[in-house]
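Below, all heavy atoms of this structure are taken into account, side chains as well, without hydrogens, waters or symmetry copies. Just so we're clear, the structure is a prediction, and the values are computed from it rather than from any experiment.
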Amino acid sequence: MKKPVFGLILGGVLGVFDGLSALISAPETAPGIAGIVAGSTVKGIITGALIGWIARRLDSLLLGVVIGGAIGLALAGVISVMQKLSGQPPYYWQIMLPGAILGMIVGYATFTHRERKVA
């Protein structure tokens, strides 16, 4: 499986858990959990695809983890700012920390993933 596809799938799966973490960090968000999980899944898919694309061009595991964390943090930061601008209470750490962790995990897994050549 190609690295971008692997990153996209892994990012999507981990995005579900990223969204579900809102139930732990901010239980008052429970009524909107479906939208949170959907948004986190899309954020994870985008993060994974970007990391997979970068993983095909770089060969450093350390850079992969750092870049993955930075991408996850940046996308989560955009979501946090959008939330604040829409008048909702800001949940910066509750959104950005799981986003950064997702990016680091996807970065590690994608950079260590071996692409198989199809005959």
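Follow the hydrophobic side-chain contacts under 4.5 Å out from Ile79 and you never reach Trp93; the two are in separate clusters. Leu75 and Val65 fall within a single hydrophobic cluster, where Ile, Leu, Val, Met, Phe, Trp and Tyr side chains are chained together by heavy-atom contacts under 4.5 Å. The hydrophobic cluster containing Ile46 also contains Ile105, counting ILVMFWY residues as joined when their side-chain heavy atoms lie under 4.5 angstrom apart, directly or transitively. Both Leu97 and Val106 are assigned to one and the same hydrophobic cluster, defined by single-linkage of ILVMFWY side chains at heavy-atom distances under 4.5 Å. Met104 is connected to Leu61 through a chain of hydrophobic side-chain contacts under 4.5 Å among Ile, Leu, Val, Met, Phe, Trp and Tyr, so both are in one cluster.
A donor-acceptor distance shorter than 3.5 angstrom exists from the side chain of Arg57 to the backbone of Trp53, with no hydrogens or angles considered. At distances below 3.5 Å, at least one donor-acceptor pair connects side-chain atoms of His113 with backbone N or O atoms of Met1.
In terms of heavy-atom proximity, Gly99 sits nearest to Ala76 at CA-CB, 4.3 Å. Residues Ile45 and Gly12 share a closest heavy-atom pair of CG1-CA, 3.6 Å. When all heavy atoms of Ile51 and Gly68 are compared, the closest pair comes out as CD1-CA, 3.5 Å. Contact between Phe111 and Lys3 at its shortest, heavy atoms only, is O-NZ, 3.5 Å. Annotation for Ala109 and Leu10: closest pair CB-CD2, 3.4 Å, computed over non-hydrogen atoms. Closest approach of Thr29 and Ala26 over heavy atoms only: OG1-O, 2.6 Å.
Sorted by first and then second residue, the salt bridge (charged side-chain N to carboxylate O under 4.0 Å, His left out) pairs with a member in residues 11-33 read Asp18-Lys43; sequence neighbours excluded.
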(Q) Is there a side chain to side chain contact (heavy atoms under 4.5 Å, CB included) between Ile67 and Leu58? Walk through the geometry before answering. (A) CA-CA 11 Å; Ile67 290 172; Leu58 296 178; 3.7 Å; yes
(Q) Please evaluate residues Ile54 and Ile71 with respect to the criterion side chain to side chain contact (heavy atoms under 4.5 Å, CB included), reporting the C-alpha separation (whole Å), side-chain torsions for both, the decisive distance (0.1 Å), and the verdict. (A) CA-CA 11 Å; Ile54 292 169; Ile71 290 172; 3.7 Å; yes
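The line from CG of Leu73 to CD1 of Ile101 is 10.5 Å long, rounded to the nearest 0.5 Å. Expressed to the nearest 0.5 Å, how far CD1 of Ile95 lies from OG of Ser21 amounts to 9.5 Å.
Applying the 6.0 Å contact sphere to OH of Tyr108 captures no more than 12 heavy atoms from other residues, nucleotides or ligands.
Counting only heavy atoms from C-beta outward, the side chains of Glu115 and Phe6 never approach each other to under 4.5 Å.
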